[in-house]
Amino acid sequence: MLSLSSLALVASLLLAPVVDAGGPVGLRPKQIKNLVTFGDSYTDTVIVSNGGTQWPVYASGFAKVNLFPFARSGATCSNNITFRPFPSLFESQLPAYFQASGRGGNIKVKPEETYTLWLGTNDVGSNALLTGNDNASLVDVTTCMVNWVKTLYQSGARNFLFQNMIPLQNVPLYAPVSHFSRYWTAQRNSTEWSVFMTELVLSGNALTKLMLEALAPSLKGAHIGIFDSHSLFADMFAHPERYLNGTAPLNVNGAVQTCVFELNESTSDTGNCTIAQGTDRDSFLWFDELHPSEQADRIVAREIAQVIEGKPNQWTRWLS
């Protein structure tokens, strides 16, 4: 049996940057008129997690397409796998989409629509796989996420962009040196969390990549792309000067809104908070201990808008 460190090594080899290099070309310019998004707080446009404007709003504006957002904060792929009291993809978001796209709904399903999914942060995080779940495994979670493509394909959808997990070991919540925050105030070993999160993300991304590669040939007429959020955020972390443009010193370890709690302090309290203001906010990679900043989301939006417009994109690889 492979050790966790061996699994992480295998996963990192499988997860080389997914750049389109002469394979399937994906979307044609001006092919896409609508953008339909699914996921968690990284994509939710109702409860905005970056303190400003979420990336789908920017992306739809950049690419000049209509936006139909179904992502919801706190979501996992399925509450039957990793239960959280939030609107999951399969029990809430997909049913809401099918209702909206059915007879009398406000979405008319067309094969040329683009469907995006950015999920996994809650599935592998605290109160889920990271801290233990007797009824779930990483295989269950990744299989569920890939089934999103199958389910929508059967309804007529044909264009899919699968956004993989970012390097979550770099967010303040899961960093090797971290503080207690609204997201976790119980005792923990921060180094252990960071190492395990690295392995969960690398292995999970490698599994979904392999599953999607195996699935793509069986879905006639479908275009399936992998948007490599992991490599993009790793590059932003390593080279913030290429992406961040605020008026404060560039910062990839702290956050726009940093709130330090005491051990076992109630998360209903505010904690001891430091909040960046104005254009200083665009110097940070993270908004808080878990979420990307608005500036990071502008970068995501810019790159995904390129994909929607049918332009070459260095972070996207088309499987079909």
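Just so you know, these numbers come straight off a predicted model, no measurement behind them. Note that these values count all heavy atoms, side chains included, but never hydrogens, waters or copies made by symmetry.
Remark: R158 qualifies as a cation-pi partner of Y153 under the 6.0 Å distance and 45° angle criteria applied to the six-membered ring.
Taking the six-membered ring where the residue is Trp, the centroids of H291 and Y183 are separated by under 6.0 Å. Annotation: Y97 is in aromatic contact with Y115 [ring centroid separation under 6.0 Å].
You'll find the side chain of Y174 reaches within 4.5 Å of the side chain of S126, heavy atoms only. Between S194 and T191 the shortest side-chain heavy-atom distance does not fall below 4.5 Å. Looking at P56 and P69, their side chains never come closer than 4.5 Å, going by heavy atoms from C-beta outward. Residues F227 and F162 fail the side-chain proximity criterion, which asks for heavy atoms closer than 4.5 Å.
Ring geometry for F233 versus W118: interplanar angle of 30 to 60°, hence tilted.
A chain of hydrophobic side-chain contacts below 4.5 Å, direct or via other Ile, Leu, Val, Met, Phe, Trp or Tyr residues, connects W318 to L212. Cluster annotation: V48 and F86 are assigned to distinct hydrophobic clusters (Ile/Leu/Val/Met/Phe/Trp/Tyr, side-chain heavy-atom contacts under 4.5 Å, transitive).
With hydrogens and angles disregarded, a donor-acceptor distance shorter than 3.5 Å links the side chain of S320 to the backbone of I224. For the pair D44 (side chain) and R72 (backbone), a donor-acceptor distance under 3.5 Å is absent. The backbone N or O of T121 sits nowhere less than 3.5 Å from a side-chain atom of Y42 that would complete a donor-acceptor pair. No side-chain donor-acceptor contact under 3.5 Å links T274 to the backbone of T258. Distance alone, capped at 3.5 Å, is enough to place a donor-acceptor pair between the T76 side chain and the T82 backbone. Under a 3.5 Å cut-off, the side chain of D297 and the backbone N or O of T53 do not form any donor-acceptor pair. The closest donor-acceptor contact from the side chain of Q306 to the backbone of Q314 lies at 3.5 Å or more, if one exists at all. Under the 3.5 Å distance criterion, the side-chain polar atoms of S155 are matched with a main-chain donor or acceptor of L152. No donor-acceptor distance shorter than 3.5 angstrom exists from the side chain of S293 to the backbone of F287, with no hydrogens or angles considered.
Interatomic distance, N135 CG to I81 CD1, rounded to the nearest 0.5 Å: 10.5 Å. Annotation: the span from S181 atom OG to L290 atom CG amounts to 8.0 Å, rounded to 0.5 Å. In this structure, K64 NZ and L35 CG are separated by 14.5 Å, a value rounded to the nearest 0.5 Å.
For the pair D282 and R298, the salt-bridge criterion is met [side-chain N within less than 4.0 Å of a carboxylate O].
Neither side chain, N79 nor E91, offers a donor N or O lying under 3.5 Å from an acceptor on the other. Between the side chains of S231 and W315, not a single donor N or O lies within less than 3.5 Å of an accepting N or O.
Residues passing the salt bridge (Lys or Arg N to Asp or Glu O under 4.0 Å) test with D140, sequence neighbours excluded: none.
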Take F160 and W148, measure what ring-ring contact (aromatic ring centres under 6.0 Å, His included) needs, and give me the verdict at the end. CA-CA 10 Å; F160 305 94; W148 166 80; 5.8 Å; yes
